[in-house]
A.B. asks: 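Okay, handing you the structure first.
It should be emphasised that the depicted structure is a prediction, and the values quoted were computed from it without experimental measurement.
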Amino acid sequence: MTYSEQHYGAGDPDCPICGGVGYVRYDVPEGHPHFGKAFDCECRRARVDAARQAYLRRLGGLEHLANKTFDTFSRDGVGLQEKDRDNLQRVYERAAAYADEPQGWLVLAGGYGCGKTHLAAAIANAQIAMGNKAIFITVPDLLDHLRASYRTKEDEEDEDSFDEVRNVPLLILDDLGTESPTSWAIEKLYQILNHRYIVRLPTVVTTNRNLEELELRLRSRLSDPDICEVVPISAPDYRRGGVASSQSDLNGLGFYSHMTFDTFEVRKDLPAAQRDNLKRAFKLAKSYADQPQGWLVLIGVYGCGKTHLAAAIANSYAAKGDAVLFVTVPDLLDHLRSTFAPDSTVSYDKRFNEVKTASLLVLDDLGTELASPWAKEKLYQLFNYRYNARLPTVITTSHELEDIDPRLATRMRDQRIGTLFAILAPAYLGEKVSGR
């Protein structure tokens, strides 16, 4: 039995064609080539295809980036000047063309929040939708994984992982240049890139560094016009759109300015129990926004409305003139990593202190980051500080607490400091999107 059969059954129980059996027989006379033969019903083919895509996303590290597609990418950006909009449109078109037929290397170069990671993930998701394999991984997390394998002496497993990265049909390396440039790290990256360079395997790289700043051997591979195309993105950080320049460049609230309590829908298409549950979540969030105290943890599947409610709390708080910091956990870790770069204009201590002492902190999408040892430790330090200081904090996650670092989950569960609320509504897939 295949993976898809085990997890998705034969067919759709409500299918009017096969009645849930998953296959059909054509009404043809004896002697016809199709006589007596069973064929997959369309409903089962759709389920098998969905299962295969989900499986490929898990293999490729894209399980939590499934929403990063070309359809969800804003080609107009947020508050961009005309020249930056034109640039972003050209980059979008080039990335979409590459996704249709990956050949050679594509380097997306630009500052944090310009859209390069979204486009890189969209390329990978487009290929997976075609049934092709792709691996998406940030460079620091790749190196952390390789280091961990060496430390635990899992040499064979490490070699298998290393070979898979070197030989996967499409590799996306995100955030090249944010890793610590040790001799070991440079050597591993060179081995990967040099192999793919020689074999001419399609590769996408994103970086916020100038190529001249990269190590010579890496730069030589990424600068070869015979195989590599460098596409600069001039757009500034979209997360600062609509946000006053006096606010932190970490703050992504400007991008969620449309997510307020007034624009939140308690969906009428839901069963009564789920609709009542969503109403309770709305009232709880609104009450918290009026007087933020302790922690509020919203759990639910992607698209259930938890990010909309978290953003509505932040927008309501900011409208009163109070300082609030809204940031997704992967973006937060990116910003912290960037402080280690030689050309960083802000120190790690200053950046981390800014987050841990925020008057109101909203952490969106906990668990979507790749949980390297470094990431786990930084998040624990942040959680522990705000927990002990009893600082108002809103957290959203699509993960069960059992799947989250126990040190974090313990603090999220503590009813003495906050409220944990599970939103039961499924993902909203209608044309009008009310939030995540």
A.B. asks: Does the side chain of Thr138 pick up a donor-acceptor pair with the side chain of Asp175 at under 3.5 Å?
C.D. replies: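 Note: Thr138 and Asp175 side chains miss the donor-acceptor criterion.
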A.B. asks: Quick check against the 3.5 Å criterion: does Arg407 have a side-chain atom that pairs as donor or acceptor with the backbone of Gln381?
C.D. replies: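 Flag not set: sc Arg407 to bb Gln381 has no pair under 3.5 Å.
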A.B. asks: Are the charged groups of Arg337 and Asp141 less than 4.0 angstrom apart, N to O?
C.D. replies: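 Salt bridge between Arg337 and Asp141, a charged N being under 4.0 Å from a carboxylate O: yes.
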A.B. asks: Are any of the side-chain heavy atoms of Arg75 and Glu93 separated by less than 4.5 Å?
C.D. replies: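 Not touching, per the 4.5 Å side-chain cut-off.
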A.B. asks: Below 4.0 angstrom, N of the basic side chain to O of the carboxylate: do Arg351 and Glu354 qualify?
C.D. replies: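 The answer is yes: the pair qualifies as a salt bridge.
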A.B. asks: Is there a side chain to side chain contact (heavy atoms under 4.5 Å, CB included) between Leu119 and Val204? Walk through the geometry before answering.
C.D. replies: CA-CA 10 Å; Leu119 289 173; Val204 177; over 6 Å; no
A.B. asks: Would you call the rings of Phe340 and Trp374 parallel, tilted or perpendicular, where under 30° means parallel and over 60° means perpendicular?
C.D. replies: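 Correct class here is perpendicular.
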A.B. asks: Could you tell me whether Glu402 atom CD has more than 12 heavy atoms of other residues or ligands within 6.0 Å of it?
C.D. replies: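 Check passes, neighbour count above 12.
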A.B. asks: Do any N or O atoms from the side chain of Arg275 and from the backbone of Val266 form a donor-acceptor pair under 3.5 angstrom?
C.D. replies: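 No.
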A.B. asks: Okay, side chain of Thr263, backbone of His258: is any donor-acceptor separation there less than 3.5 Å?
C.D. replies: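 Yes, because the side chain of Thr263 sits within donor-acceptor range (under 3.5 Å) of the backbone of His258.
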A.B. asks: Whether the Asp174 and Thr206 side chains hold a donor-acceptor pair (N or O, under 3.5 Å, no angle test) is what I'd like checked.
C.D. replies: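 Yes, side-chain donor-acceptor contact under 3.5 Å.
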A.B. asks: For the backbone of Leu201 and the side chain of Thr203, can you confirm whether one donor and one acceptor N or O come within less than 3.5 Å of each other?
C.D. replies: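 Answer holds: yes.
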A.B. asks: Strictly distance-based, threshold 3.5 Å: is any side-chain N or O of Arg386 a donor or acceptor partner for the main-chain N or O of Lys356?
C.D. replies: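 Judged by distance alone, yes, a pair lies under 3.5 Å.
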A.B. asks: Can you give me the closest heavy-atom contact between Ala314 and Phe326, atom names plus distance?
C.D. replies: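 Closest pair (atom of Ala314, atom of Phe326, distance): CB-CD1, 4.1 Å.
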A.B. asks: Could you tell me if Asn315 and Thr260 have a donor-acceptor pair between their side chains, going purely by distance under 3.5 Å?
C.D. replies: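 No, no side-chain donor-acceptor pair sits under 3.5 Å.
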A.B. asks: Tell me whether Lys306 contacts the main-chain N or O of Gly300 through its side chain, where contact means a donor paired with an acceptor under 3.5 Å.
C.D. replies: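 Present.
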A.B. asks: Keeping Asn194 on the side-chain end and Tyr190 on the backbone end, is there a donor-acceptor pair under 3.5 Å?
C.D. replies: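 Side chain of Asn194 to backbone of Tyr190, a donor-acceptor pair under 3.5 Å: no, none is there.
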A.B. asks: Distance to the ring centre below 6.0 angstrom and angle to the axis at most 45 degrees; does that hold for Arg280 and Phe282?
C.D. replies: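 Judged by the rule (NZ or CZ under 6.0 Å from the ring centre, within 45° of its axis), Arg280 is not positioned above Phe282.
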A.B. asks: How close do Tyr197 and Arg221 get, counting heavy atoms only, and between which atoms?
C.D. replies: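 What the structure gives for the nearest pair is CG-CD, 3.2 Å.
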A.B. asks: Could you state the interatomic distance from CG (Leu278) to NZ (Lys283), rounded to the nearest 0.5 Å?
C.D. replies: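 Going from CG on Leu278 over to NZ on Lys283, the span is 11.5 Å.
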A.B. asks: Assess the side chains of Thr72 and His118: does a donor N or O sit below 3.5 Å from an acceptor N or O?
C.D. replies: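 Short answer, yes.
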A.B. asks: Please assess Asn251 against Val327 for the test side chain to side chain contact (heavy atoms under 4.5 Å, CB included), listing each intermediate value before the final yes or no.
C.D. replies: CA-CA 6 Å; Asn251 203 341; Val327 62; over 6 Å; no
A.B. asks: Examine Lys188 relative to Phe162 and say whether NZ or CZ is less than 6.0 Å from the centre of the six-membered ring and inside a 45° cone about the ring axis.
C.D. replies: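 Flagged: Lys188 positioned over aromatic ring of Phe162.
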A.B. asks: Is a donor on one side and an acceptor on the other found under 3.5 Å between the side chain of Thr393 and the backbone of Leu391?
C.D. replies: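 It does hold such a pair.
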A.B. asks: Please report whether the ring centroid of Phe383 lies less than 6.0 Å from that of Trp295.
C.D. replies: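 Ring-ring flag for Trp295/Phe383: true, centres closer than 6.0 Å.
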A.B. asks: Would you indicate whether the side-chain heavy atoms of Glu164 and Lys133 approach each other to under 4.5 Å?
C.D. replies: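 Yes; the side chains approach each other to less than 4.5 Å.
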A.B. asks: Is there side-chain contact between Gln103 and Tyr98, with heavy atoms separated by less than 4.5 Å?
C.D. replies: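 A side-chain contact is absent here, since even the closest heavy-atom pair is not under 4.5 Å.
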A.B. asks: Kindly give the heavy-atom pair with the smallest separation between Ala289 and Phe261, and that separation in Å.
C.D. replies: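 Nearest pair, atom of Ala289 first, then Phe261: CB-CE1, 3.7 Å.
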A.B. asks: Please report the interatomic distance OG(Ser234) to NZ(Lys83), rounded to the nearest 0.5 Å.
C.D. replies: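 Output value for this atom pair is 5.5 Å.
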A.B. asks: Can you see which heavy atom on Ile313 is nearest to which on Tyr288, and at what distance?
C.D. replies: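 For Ile313 and Tyr288, the tightest heavy-atom pair comes out as CG2-CD2, 3.9 Å.
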A.B. asks: Can a donor-acceptor pair be found, under 3.5 Å and without considering hydrogens, that links the side chain of Glu215 to the backbone of Leu218?
C.D. replies: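 Yes; at least one donor-acceptor contact below 3.5 Å.
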A.B. asks: So do Val297 and Met412 actually touch side chain to side chain, heavy atoms under 4.5 Å?
C.D. replies: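 Result yes, sub-4.5 Å side-chain heavy-atom pair found.
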A.B. asks: So Ser398 and Val301, do their side chains get closer than 4.5 Å, heavy atoms only?
C.D. replies: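 Val301 does not reach Ser398 side chain to side chain.
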A.B. asks: Examine distances only and state if a side-chain atom of Arg219 and a backbone atom of Leu214 form a donor-acceptor pair shorter than 3.5 Å.
C.D. replies: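 Judged by distance alone, yes, a pair lies under 3.5 Å.
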A.B. asks: Show your working on side-chain hydrogen bond (donor to acceptor under 3.5 Å, both in side chains) between Thr307 and Asp364 and close with a plain yes or no.
C.D. replies: CA-CA 7 Å; Thr307 291; Asp364 190 35; 2.7 Å; yes
A.B. asks: Could you check if a side-chain atom of Ile135 sits within less than 4.5 angstrom of a side-chain atom of Leu170, using non-hydrogen atoms only?
C.D. replies: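 The answer is no, as the side chains (C-beta and beyond) never meet within the 4.5 Å cut-off.
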A.B. asks: Do Leu106 and Val205 come close enough that some side-chain heavy atom pair is under 4.5 Å?
C.D. replies: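 Result no, sub-4.5 Å side-chain heavy-atom pair not found.
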A.B. asks: In Å, rounded to the nearest 0.5 Å, how long is the span from CG of Leu333 to CG of Leu379?
C.D. replies: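 It comes to 5.0 Å.
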A.B. asks: Dump the intermediate steps for side chain to side chain contact (heavy atoms under 4.5 Å, CB included) on Leu189 and Val139, then the final yes or no.
C.D. replies: CA-CA 9 Å; Leu189 288 173; Val139 173; 3.8 Å; yes
A.B. asks: Could you walk me through whether Asn277 and Ile423 pass the side chain to side chain contact (heavy atoms under 4.5 Å, CB included) check?
C.D. replies: CA-CA 7 Å; Asn277 169 267; Ile423 299 178; 4.0 Å; yes
A.B. asks: Hey, are Arg217 and Glu187 close enough for a salt bridge, meaning a charged N less than 4.0 Å from a carboxylate O?
C.D. replies: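 Yes, charged N to carboxylate O under 4.0 Å.
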A.B. asks: So, Tyr380 and Asp405: side-chain donor and acceptor under 3.5 Å apart, yes or no?
C.D. replies: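 Absent: no donor and acceptor within the cut-off.
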A.B. asks: Roughly how far, to the nearest 0.5 Å, is the CG atom of Leu296 from the CG atom of Leu284?
C.D. replies: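 These two atoms lie 5.0 Å from each other.
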A.B. asks: Are more than 12 heavy atoms, taken from residues, nucleotides or ligands other than Lys350, located less than 6.0 Å from that residue's NZ atom?
C.D. replies: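 At most 12 heavy atoms, drawn from other residues, nucleotides or ligands, come within 6.0 Å of this atom.
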A.B. asks: Verify the distance criterion only: is there a donor paired with an acceptor across the side chains of Asp365 and Thr328 at less than 3.5 Å?
C.D. replies: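 Absent: no donor and acceptor within the cut-off.
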A.B. asks: Of all the heavy-atom pairs spanning Arg267 and Ala425, show the shortest one and how long it is.
C.D. replies: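 Shortest heavy-atom separation between Arg267 and Ala425 comes out as NH1-CB, 4.0 Å.
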A.B. asks: Do Ile123 and Phe70 have side chains that get closer than 4.5 Å, going by heavy atoms?
C.D. replies: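 With C-beta onward as the side chain, the pair touches.
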A.B. asks: Quick check for you: to the nearest 0.5 Å, what is the distance between Leu176 atom CG and Leu211 atom CG?
C.D. replies: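 Here the interatomic distance stands at 9.0 Å.
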A.B. asks: Tell me whether Gln89 at atom CD has more than 12 heavy atoms from other residues, nucleotides or ligands lying less than 6.0 Å away.
C.D. replies: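 Counting other residues, nucleotides and ligands, CD of Gln89 exceeds 12 neighbours.
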A.B. asks: Specify the closest pair of heavy atoms between Ser359 and Pro392, including all atoms of both residues, with the distance to one decimal.
C.D. replies: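 Residues Ser359 and Pro392, closest heavy atoms: O-CD, 3.5 Å.
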A.B. asks: Any chance you could measure Leu222, atom CG, to Leu193, atom CG, to the nearest 0.5 Å?
C.D. replies: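 Going from CG on Leu222 over to CG on Leu193, the span is 6.0 Å.
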